[in-house]
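Every chain is numbered from 1, with letters handed out A, B, ... down the list of sequences.
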There are 2 protein chains.
Amino acid sequence: MNLSELSREFVLHFGEMGSRWGINRTVGQIYALLYVAERPLNADEIAEALAFSRSNVSMGLKELESWRLVRLQHLPNDRREYFSAPEDVWAIFRTLAEERRKREIDPTLSMLRGAIMATPANEADRFAQKRMKEMHDLIELATMWFNDVQRLEPETLKQLMKLGARVQKLLEMKDKLKVVTGAKAQGR
Amino acid sequence: MNLSELSREFVLHFGEMGSRWGINRTVGQIYALLYVAERPLNADEIAEALAFSRSNVSMGLKELESWRLVRLQHLPNDRREYFSAPEDVWAIFRTLAEERRKREIDPTLSMLRGAIMATPANEADRFAQKRMKEMHDLIELATMWFNDVQRLEPETLKQLMKLGARVQKLLEMKDKLKVVTGAKAQGR
DNA sequence: TTGAATTTTCAGGAAGTTCTGAAATTATAG
DNA sequence: CTATAATTTCAGAACTTCCTGAAAATTCAA
């Protein structure tokens, strides 16, 4: 298991990027390696390819499993565990987004909710609450939207993205239609 | 400058969250403090409120300036520099997204482009390139879309988000319309 | 069972980062 | 200019995170 120039560059880059995010270098590299690997790899192969200690790889894989970013499987007549990255790139991004939501966004939202509900002690508190409410509403809207939209078919999503800013025209069209047909509730 | 219970909780939470992202605890707290402050604060006030050394605050503010997340201003008859967080929450998120794109996404895209263009040395390389291309295309589509959509009015964006998954209906409607009116180019 | 293969845990050293106080630099009022 | 206020820089101490090798635990074939 020795890496080609091409894959090595990819793996190293992901290591650096990983450490910019919460994920550490080792974990980033392991993930990148699995992503470009043609077949599932076992821990020894990973350790050799990346020149990490066996135990480091074990911990990295644990981390990736907790992020649900790797699949564990067994090959016939081989006791070792083999790991691979899910094939569908859209699914990978969805998982990543979902996990981050659970770990970072949800706790933030609940902290904000608590703070907004609390009785303000003075004018400064009232102002702070106003600011927190603005942030809360934006985050909530964005996550609900994300939640909603990530369940669409990748093809639909692609279509929407390709539309880009022209989605505005579509929205305007929709509103006009509502006016013409005399629908009562606008927006939601 | 002493913090109310309410603001302190917010500030501490942001400190922790900050360290989950690349941003460190100090920087997260400084930002949170400015975000809920009614008026611009100077470095000494920040240092006192958060019980950080003056120099630590100085470095934190530098970092925030490099992310374009704080505004620097001067008050009449006061030599000190006063800092504040932009008021528009949507603008804040846009800035954050833009900066991350510049620092993390763009370099990744160019690395991927380079790797995809390179001549593959063997079958494994060819496979790796296929995977990299999938990732490249998804990231590129998503960033182009983001770029496009972030220029829309916050109101339009809100409307789109509230629509959520029902956007699918709108897309279908659009396609039917195209068929009916006999438009030639579909999608883009 | 036993024992070899495999994986996990963990103490502690290595590496990296954060934070401080002191000194240097910069800005400006007089 | 000079003196003082304000800010920045920086070496190193304090703290955190990462990584390893050794030992423990688990798994499974025989």
Problem - Single-linkage hydrophobic cluster A/Val70~A/Trp21, side-chain heavy atoms < 4.5 angstrom - result: no
Practice task
Among C/dT7, D/dT7, D/dT9, find the nucleotide with the atom closest to the side chain of B/Lys62.
Solution key: D/dT9
Handout entry: Out of C/dT7, D/dT7, C/dC10, whichever nucleotide has its closest atom nearest the side chain of A/Ser55
Key = C/dC10
Round to a whole Å and report the spacing from [atom1] of [X] to [atom2] of [N].
X       : N      : atom1 : atom2 : value
B/Glu63 : C/dT18 : CD    : C1'   : 12 Å
A/Trp21 : D/dT17 : CH2   : P     : 19 Å
A/Arg25 : C/dA14 : CZ    : C1'   : 12 Å
B/Asn56 : D/dC10 : CG    : P     : 16 Å
B/Phe52 : C/dT20 : CZ    : P     : 7 Å

Under 4.0 angstrom, heavy atoms only, what part of the nucleic acid is [X] near: base, sugar-phosphate, or nothing?
X       : answer
A/Arg54 : base
B/Asn24 : sugar-phosphate
A/Arg80 : sugar-phosphate

Strictly below 4.0 Å, N to O, side chains only: are [X] and [Y] in salt-bridge contact?
X        : Y        : value
A/Glu172 : A/Lys169 : no
A/Glu45  : A/Arg80  : no
B/Arg131 : B/Glu134 : yes

Exercise for the section: Kindly indicate whether the side chain of A/Arg79 and the base of C/dT6 share any N or O donor-acceptor pair separated by less than 3.5 Å? Expected result: no
Practice task
Mark yes or no for a side-chain to base donor-acceptor pair under 3.5 Å between B/Ser53 and C/dG21, with no hydrogen or angle criteria applied.
Solution key: no
Handout entry: Residue-phosphate contact under 4.0 Å: A/Ser58 side-chain N/O, C/dT7 OP1/OP2
Key = no
